[in-house]
Amino acid sequence: MRKIFVDYTRCVACKGCEIACAVEHHPSRSLVGLVGDARTQVNVRVLAVEHEAFPVSCRHCDPAWCMDACPAGAIARDPDTGAVILDPARCKACGMCAMVCPFDAISFKVTHASPDGRETAYKCDLCVHRVREGRLPACVEACHSGALAFREHAELRRDRATRNLREYLLGERAMPETFALFRELRRREFARRREPAP
Amino acid sequence: MERKAPKRSADPAGVEMLEIAEQGNLDSVWERLEAQQPQCGYGQLGTCCRICVMGPCRIDPVGEGPTRGVCGATADTIVARNLARMAAVGASSHSDHGRKVALTLKGVAEGKVTDYRITDTEKLTAVAAKLGIAVEGRPLPEVAGDVAHVALECFGKQDDEPIAFLRAYMPAKRFERLKKLEDDLLASTGARYGLLPRGIDRESVDILHRTHFGCDADPLSLVLQSVRCSLADGWGGSLIATELQDILFGTPRVKTVRANLGVLEEDMVNLIVHGHEPILSEKVVEHALSDEMQQKARDKGAKGINVAGLCCTGNEVLMRQGVNVAGNELHSELVIMTGAVEAMVVDVQCIYPALADLAACYHTKLITTSEQTKIPGALHIQFEEHRADEVARRIVETAIDAFEARNQGRVYIPPQSEEAVVGFSVEEILKALGGTVAPLVKVIADGAIKGVVGIVGCNNVKVRQDAFHRELTAELIARDILVIGTGCWAIAAAKAGLMQLSTREQAGPGLKAVCEQLGIPPVIHMGSCVDCSRMLVLAGALADHLGVDVDALPLVGSAPEWTTEKAVAIGTYFVGTGVPVHLWPVPPVLGSPAVTKILTEDAKGVLGGYFFVEEDPRAAADRMEAIIAEKRAGLGL
Ligand code: SF4
Ligand code: SF4
Ligand code: SF4
């Protein structure tokens with residue numbers, strides 16, 4: 001099963017993934033169209049944890065906590081892609097899915113898909129419409145730095161293992177030096193903030 | 001619950017106010033920084049280009065994504081172009097301030113601006129003499145007119161010769177070095193690289209031109225033009241601002257003031273002047289202190305009017321009029337949160353747009369005055385030089401009228417304020433030395449003072465307020481290194497009580513003895529950010545006295561809590577003048593190893609000055625001490 005894998009050490013926090021997701025799920029399919037539109041759905045959020053940034057979206061678990069918990073039967077699995085899909089028409093906004101989701105990947109608001117202008121749950125749909133056409137999810141396509149990958153885990157694991165081995169065995173740096181320095185300086189900046197006040 | 005405030009500010013008054021802000025759930029620059037996390041790495045690394053609309057393009061620092069923009073620009077090109085634009089904006093801000101002063105002097109000389117006058121005739125004749133303008137037997141307004149003319153020519157002349165102020169003020173060896181460098185580069189590469197500024201406006205416009213889509217892609221060329229543009233600021237725009245302000249408002253003399261929020265008065269109308277220019281604030285101070293206005297304030301039930309400064313407008317009136325200073329950049333919201341400010345009047349630069357909403361939560365009037373700085377939600381009272389008195393009166397009256405609406409139940413003024421000995425123009429330093437730099441050279445040669453560090457620049461909310469300023473300053477004086485400086489650093493040092501005569505007790509034995517002998521503190525307030533030019537002039541005087549270039553001197557610069565593009569220009573003109581410069585935080589250049597190397601390594605060989613980055617105050621002091629030792633060795637000391 002292909003999944004969106006995150007290499008957070010490569011996330012530059014540009015939020016390009018957020019914008020791409022918003023455009024993809026907006027009825028206008030355009031950046032200009034969504035400006036100022038509060039119903040715009042953004043299914044991935046780049047969150048800060050100290051100096052690290054992590055793009056958080058649904059992990060499409062199997063079995064899925066949210067699906068098991070939803071009393072309305074609003075959450076189902078897409079047979080082709082394995083994606084966990086939320087149907088806002090059935091959603092009663094009880095919040096059970098959000099409570100059980102270990103990744104806090106579910107939000108509530110009035111989106112363009114919400115019926116009767118009421119708040120409903122929304123989450124990442126893995127861009128199933130794109131994936132079925134053989135395209136990448138919008139966020140993955142948008143990410144320039146390789147922080148997001150939509151792949152089979154076996155492939156990803158092999159590539160990462162090879163890359164790390166090249167570093168250990170051949171001393172090849174996986175990350176350019178100035179970028180490594182940038183990350184280190186940010187780490188220290190935040191560590192300093194955490195230090196007890198003198 | 002964990003207390004956030006002590007981690008956000010090293011200033012006890014700041015901490016108190018931040019705790020009040022937290023209790024009251026008030027928005028502040030610190031909260032907004034948190035809300036902005038995580039911040040975009042492309043921007044921090046300098047590898048985002050928005051110069052044309054084929055873009056925006058981003059160069060992935062990890063090497064996974066595209067390595068060139070749509071036009072083919074590499075990370076090196078993009079970083080260098082972005083940096084050049086920062087320098088151009090910074091230089092333009094300082095220089096445009098200088099232009100206004102020159103225009104005011106011109107207006108006064110021609111009798112068209114009657115609300116101002118020539119206050120310091122001694123300075124006028126000194127500046128005129130330096131510029132080669134005849135003084136003997138000529139009426140002063142005529143001389144002033146000539147000085148203003150030469151200054152304005154520096155902005156707008158069209159020939160390729162170096163500008164007159166730089167020519168007159170830059171130490172001889174440095175001028176020759178830059179000239180030779182231009183010639184050598186032409187000879188060795190066949191291409192023209194310029195370092196000596198031809199026109200203050202021109203060098204900024206040059207950068208706007210050469211960073212346009214499809215022009216200069218060569219990082220070295222872009223960096224050198226950034227140096228030229230910055231030199232046009234330091235030895236041009238800023239210098240003109242300083243010198244001509246001295247003529248109009250008086251050269252600063254040594255005086256004692258108080259610094260920090262405790263200078264606000266609970267039972268008086270508190271009027272804060274904030275921004276960068278003295279032109280309006282001088283008038284506000286004059287009218288606020290008038291008997292008439294003080295009486296008006298008493299009629300409204302206040303005990304009188306209390307004017308206090310913030311940022312560099314604060315520094316300007318502190319240096320010349322001895323006005324107390326309420327704080328530096330990160331205090332600008334906190335001062336309103338005291339609930340005791342009737343009006344904050346601002347001119348240009350470093351004024352958070354957020355102040356308008358915050359002021360609206362209180363009875364405070366935020367008054368904008370400049371055509372170039374209007375803020376939605378603020379009250380705009382248009383300032384014009386030719387009706388300065390009228391505008392200043394209206395501002396003071398607005399503050400007085402606001403007093404009745406003050407809610408005394410919401411007032412809390414932190415008690416902290418420290419005494420500070422300030423007002424060290426180069427003229428005052430020379431006076432303390434007995435008229436020449438020779439005694440200073442001697443104590444440096446003896447080793448009583450190992451060297452001099454000039455600290456400048458802002459607060460930056462990413463750094464605990466004033467912490468770097470305080471720790472670095474204390475570290476340096478303890479090592480017998482004299483600390484001079486300007487801007488928000490100077491206010492930080494004043495608030496920390498580091499500008500008192502008794503501060504010499506914290507200094508090393510050599511520096512302490514010198515301070516005792518000269519009757520000065522070991523930490524010297526030289527003015528506002530445009531007054532960084534005073535540091536250049538002092539460095540130049542030392543170099544000329546010794547007959548060496550500036551890069552031979554045991555001098556180091558630092559901007560340890562910098563924020564603005566102006567700081568980029570300042571740092572760069574220090575480097576271009578031959579002074580190594582410490583920076584924290586890191587400027588947005590790490591996306592380009594090549595540009596990083598030019599700034600931190602190659603510049604040393606070419607210009608003598610170079611940048612270095614250090615996040616820890618003690619380590620920064622170590623590095624500075626090492627640089628000073630290296631320079632001393634070079635001089636055979
Ligand atoms: S919403 Fe949460 S629980 Fe449901 S599939 Fe996604 S990550 Fe798993
Ligand atoms: S697009 Fe990639 S680098 Fe940018 S925020 Fe998203 S995951 Fe991070
Ligand atoms: S100038 Fe070049 S790098 Fe910059 S946005 Fe345009 S195409 Fe992209």
Margin query: side chain to side chain contact (heavy atoms under 4.5 Å, CB included), that's the test. Do A:L181 and B:T596 meet it? Break it down for me.
Written below: CA-CA 12 Å; A:L181 173 65; B:T596 306; over 6 Å; no
Check: Could you give the distance from CZ (A:R186) to CD (B:Q44), rounded to the nearest 0.5 Å?
Finding: 4.5 Å
Next item on the list: Output, in order, the C-alpha distance, side-chain angles, deciding distance and verdict of salt bridge (charged side-chain N to carboxylate O under 4.0 Å, His left out) for B:K462 and A:E189.
Entry: CA-CA 8 Å; B:K462 291 179 176 173; A:E189 180 187 327; 5.5 Å; no
Checklist line | Separation between NE2 of A:H144 and CD1 of B:I59, rounded to the nearest 0.5 Å | finding: 8.5 Å
Check: Crowded around A:R163 CZ? As in, over 12 foreign heavy atoms under 6.0 Å?
Finding: yes
Margin query: Can you confirm whether A:F54 sits close enough to B:P38 that some side-chain heavy atom of one is under 4.5 Å from a side-chain heavy atom of the other?
Written below: no
Margin query: Would you say that more than 12 heavy atoms from the other residues, nucleotides or ligands in this model lie under 6.0 Å from the CZ of A:R90, or not?
Written below: no
Check: B:L45 and A:F182: which non-hydrogen atoms are nearest, and at how many Å?
Finding: CD2-CG, 3.5 Å
Next item on the list: Measure the CD-NZ distance between A:E195 and B:K7 for me, rounded to the nearest 0.5 Å.
Entry: 9.0 Å
Notebook entry, point to check: Has B:R618 got more than 12 heavy atoms of other residues, nucleotides or ligands less than 6.0 Å from its CZ?
Noted result: no
Note to self: I want to check something: taking the side chain as every heavy atom from C-beta on, are B:D60 and A:F179 in contact at a cut-off of under 4.5 Å?
What the structure shows: no
Check: Does the side chain of B:R58 reach to within under 4.5 Å of the side chain of A:C14, using non-hydrogen atoms?
Finding: yes
Next item on the list: Inspect the surroundings of CZ in A:R132 and state if more than 12 heavy atoms from other residues, nucleotides or ligands are less than 6.0 Å away.
Entry: yes
Notebook entry, point to check: Can A:R192 and B:R464 be said to form a side chain to side chain contact (heavy atoms under 4.5 Å, CB included), step by step?
Noted result: CA-CA 9 Å; A:R192 195 176 293 283; B:R464 184 170 169 244; over 6 Å; no
Margin query: Just checking A:E184: does its CD atom have more than 12 heavy atoms from other residues, nucleotides or ligands closer to it than 6.0 angstrom?
Written below: yes
Note to self: Does A:R157, at its CZ atom, have more than 12 non-hydrogen atoms belonging to other residues, nucleotides or ligands within less than 6.0 Å?
What the structure shows: no
Checklist line | Side chain, backbone, both or neither of B:P66 within contact of chain A (heavy atoms, under 4.5 Å) | finding: side chain
Notebook entry, point to check: Does any non-hydrogen side-chain atom of B:Q37 lie less than 4.5 Å from one of A:L47?
Noted result: no
Margin query: Treating A:T178 as the side-chain partner and B:G591 as the backbone partner, does any N or O pair qualify as donor plus acceptor under 3.5 Å?
Written below: no
